[in-house]
Amino acid sequence: MAQTQVRSAHALQVHPLTCALGAEISGIQLAQAAHDAGLFEALEALLLEHKVLFLRDQQLSRAEHVAFASRFGSLEDHPVAGSDPDHPGLVRIYKSPEQPADRYENAWHTDATWREKPPMGCVLRCIECPPVGGDTMWANMALAYDKLPAHIKAQIAPLRARHSIEATFGAAMPIEKRLALRAQFPDAEHPVVRTHPKTGEKVLFVNGFTTHFTNFHTPATIRYGQDFNPGGADLLRYLVMQAYIPEYQVRWRWQPDSVAIWDNRSTQHYAVMDYPPCVRKMERAGIQGDTPF
Ligand code: SIN
């Protein structure tokens, strides 16, 4: 069983939250880690180990939030969700009775896999949250891959899949706006199993943005043309549903000034939308990633 550990260099303490992933970090302030190379490196290593890091009571201004996240790499805005006007790269995820319809976070997903280079990670800070509800869940997709039956691993090893912003964020838009979004972000294609560039782990890399396999329809897998649709779609649904398995998950309850840092290459997440009509305000710094292989 995982134990709490003390990392003496910075009085940093690590408290694993589940057997699958996630650790709460205490004894430090991220504002300091933005300027302290040793502390930042310790957090970077812990992120690879635990995949999601959680911190409470962070006195972090928007500028410090951006400064800390930027140590991992350049930040990116989101084409649909707006950013803070004074802090590009800091995406606002604000929900209130006046903005109830925007519901994209309550589906299991890896952020922005519709990009050719999906983000490597994110730093999410809670500004305001409901008294109860509005939790976020994460799933360990390296563990999900590892636990797949051997014959499924063999079947999906060569497969590639499309990921679409048009079919998700674009779906509720008028057609002209949707087509303009598609022109700006054509569907991306990624391997169904990616290799984590830092840890070498194999990761199951399909999620709520994935529409279909692009190379499923071969003579080896298809007897007749009509096999394609149920065969490919059923397999994709089975793979996407691996993130729903509780043994692969951690669930985090927010408070104002709580922060989560996640490795977007090896996890999925789901923001539980059980709180309307309450207000929930989160700010997310998404960090540019590389091409999955
Ligand atoms: C996200 O889906 O990136 C945001 C998660 C959240 O608001 O909890």
Side-chain angles (χ1 to χ4, degrees), residues 17 21-22 24 47 51-56 58 60 62 65-66 68-69 72-73 75-84 87 89-96 99-115 117-141 163-165 168-172 185 205-210 240 243-244 249-289:
L17 295 183
L21 80 167
E24 185 169 343
L47 183 62
K51 298 184 168 51
V52 195
L53 304 179
F54 301 101
L55 301 97
R56 296 223 183 263
Q58 292 299 301
L60 198 64
R62 290 191 170 93
H65 185 170
V66 166
F68 171 71
F72 288 98
L75 305 188
E76 61 190 16
D77 288 317
H78 191 282
V80 178
S83 291
D84 184 277
H87 300 92
L90 202 55
V91 173
R92 287 169 158 176
I93 304 172
Y94 289 4
K95 301 288 159 70
S96 68
Q99 301 164 289
D102 179 10
R103 64 204 175 286
Y104 300 108
E105 289 80 35
N106 64 339
W108 279 104
H109 65 285
T110 299
D111 277 338
T113 55
W114 37 266
R115 291 185 188 272
K117 298 181 178 188
M120 61 76 50
C122 293
V123 181
L124 182 69
R125 181 168 78 110
C126 176
I127 309 295
E128 185 178 345
C129 57
V132 65
D135 299 352
T136 307
M137 303 167 74
W138 282 262
N140 179 342
M141 299 314 294
H163 298 243
S164 177
I165 190 171
T168 49
F169 284 94
F185 296 98
F205 199 61
V206 289
N207 70 89
F209 290 119
T210 315
V240 165
Y244 309 174
Q249 299 171 358
V250 63
R251 181 168 178 144
W252 177 247
R253 187 160 186 186
W254 294 101
Q255 294 166 0
D257 296 326
S258 297
V259 174
I261 308 165
W262 68 89
D263 186 331
N264 196 55
R265 300 164 293 199
S266 56
T267 61
Q268 293 193 34
H269 55 281
Y270 183 115
V272 181
M273 203 165 292
D274 54 357
Y275 54 86
C278 293
V279 171
R280 183 177 185 269
K281 290 188 177 173
M282 313 293 285
E283 293 180 358
R284 184 185 72 199
I287 303 139
Q288 288 176 20

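These figures come from a predicted structure and were not determined experimentally. Counting starts at 1 for both ligands and their atoms, in listed order. Residue numbers start at 1 and run along the sequence shown.
- H163 and F205 have tilted rings, their planes meeting at an angle from 30° to 60° on a 0 to 90° scale.
- Applying the side chain to side chain contact (heavy atoms under 4.5 Å, CB included) test to S83 and every residue at least two apart in sequence or in another chain returns D77, V91.
- For H269 and W262, the distance between ring centers is under 6.0 angstrom.
- Legend: residues meeting side chain to side chain contact (heavy atoms under 4.5 Å, CB included) with Y275, ordered by chain and number and at least two apart, are K95, P130, M273, C278, R280.
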Under 3.5 Å, N/O to N/O: give me all the pairs between ligand 1 and the protein, one per line with atom names and distance.
{"from": "ligand 1", "atom 1": "2 (O)", "to": "H109", "atom 2": "NE2", "distance (Å)": "3.1"}
{"from": "ligand 1", "atom 1": "2 (O)", "to": "H269", "atom 2": "NE2", "distance (Å)": "3.0"}
{"from": "ligand 1", "atom 1": "3 (O)", "to": "D111", "atom 2": "OD1", "distance (Å)": "3.4"}
{"from": "ligand 1", "atom 1": "3 (O)", "to": "D111", "atom 2": "OD2", "distance (Å)": "3.3"}
{"from": "ligand 1", "atom 1": "3 (O)", "to": "H269", "atom 2": "NE2", "distance (Å)": "3.0"}
{"from": "ligand 1", "atom 1": "3 (O)", "to": "R284", "atom 2": "NH1", "distance (Å)": "2.5"}
{"from": "ligand 1", "atom 1": "7 (O)", "to": "R280", "atom 2": "NH1", "distance (Å)": "2.9"}
{"from": "ligand 1", "atom 1": "8 (O)", "to": "T136", "atom 2": "OG1", "distance (Å)": "2.5"}
{"from": "ligand 1", "atom 1": "8 (O)", "to": "R280", "atom 2": "NH2", "distance (Å)": "2.7"}

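- Qualifying salt bridge (Lys or Arg N to Asp or Glu O under 4.0 Å) partners for R62, counting only residues two or more places apart in sequence or in other chains: D84, E283.
- Among W108, F54, Y270, the single residue meeting the ring pair (Phe, Tyr, Trp, His ring centres under 6.0 Å) criterion with W138 is F54.
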